[in-house]
Amino acid sequence: MTNIGSGYHIFGTGSNSITIKNHNFVSGQKIIYTSSLPSGGLANNQIYYIVVVDSDTIKLSNSYFNSKTLNPIVLSSVTNTSATLAISL
């Protein structure tokens, strides 16, 4: 695992997205989401799959298939800035 840091803004209302400047992720990439206070719809230490929106924005899907069909899971929390994403290599 490679920890990419913490403090990412997770928005649940409307955009259901995570903002990480110049993230370099690709759709379908597997990550592990960790947070002491997980955003609604997400679970601590759970595997999710990236859905790339643009170079600074991603969404999360609960399966590889859904990530490739651009069908992300829905984040229901307004904001959580204590999240950490770890990339599974």
Side-chain angles (χ1 to χ4, degrees):
M1 291 301 158
T2 302
N3 186 331
I4 65 166
S6 61
Y8 300 112
H9 297 284
I10 300 175
F11 303 97
T13 305
S15 68
N16 299 321
S17 63
I18 300 171
T19 302
I20 304 171
K21 188 139 178 87
N22 300 314
H23 58 71
N24 293 319
F25 287 119
V26 295
S27 288
Q29 188 169 0
K30 182 169 53 174
I31 59 112
I32 296 176
Y33 172 86
T34 61
S35 175
S36 58
L37 297 169
S39 292
L42 297 177
N44 186 38
N45 290 317
Q46 181 68 38
I47 294 173
Y48 295 101
Y49 298 85
I50 298 290
V51 176
V52 173
V53 176
D54 60 35
S55 63
D56 298 327
T57 311
I58 62 172
K59 293 183 178 187
L60 298 179
S61 177
N62 58 357
S63 75
Y64 176 80
F65 176 80
N66 287 344
S67 71
K68 298 302 277 187
T69 59
L70 301 178
N71 185 19
I73 64 170
V74 176
L75 309 178
S76 61
S77 180
V78 176
T79 302
N80 177 351
T81 59
S82 64
T84 300
L85 295 177
I87 302 170
S88 177
L89 301 176

Rounded at 0.5 Å granularity, tell me how far [atom1] in [X] sits from [atom2] in [Y].
X: Asn44; Y: Tyr33; atom1: CG; atom2: OH; value: 8.0 Å
X: Ser55; Y: Asn22; atom1: OG; atom2: CG; value: 5.5 Å
X: Gln29; Y: Asn24; atom1: CD; atom2: CG; value: 9.5 Å

Answer yes if Phe25 and Val53 sit in the same cluster of Ile, Leu, Val, Met, Phe, Trp and Tyr residues linked by side chain heavy atoms under 4.5 Å apart, and no otherwise.
no

side-chain contact (heavy atoms from CB on, under 4.5 Å), that's the test. Do Ile58 and His23 meet it? Break it down for me.
CA-CA 8 Å; Ile58 62 172; His23 58 71; 3.6 Å; yes

Not counting sequence neighbours, which residues clear side-chain hydrogen bond (donor to acceptor under 3.5 Å, both in side chains) with Asp54? List them please.
Thr57

Distance-only, no hydrogens or angles: does the Tyr48 side chain make a donor-acceptor pair with backbone N or O of Ala43 under 3.5 Å?
yes

So, Ser61 side chain and Tyr49 main chain: donor-acceptor pair closer than 3.5 Å or not?
no

Begin from the C-alpha positions of Val51 and Leu60 and carry the test side-chain contact (heavy atoms from CB on, under 4.5 Å) through to its verdict.
CA-CA 6 Å; Val51 176; Leu60 298 179; over 6 Å; no

Quick one: closest heavy-atom pair of Ser27 and Ser67, and the distance?
CB-O, 4.1 Å

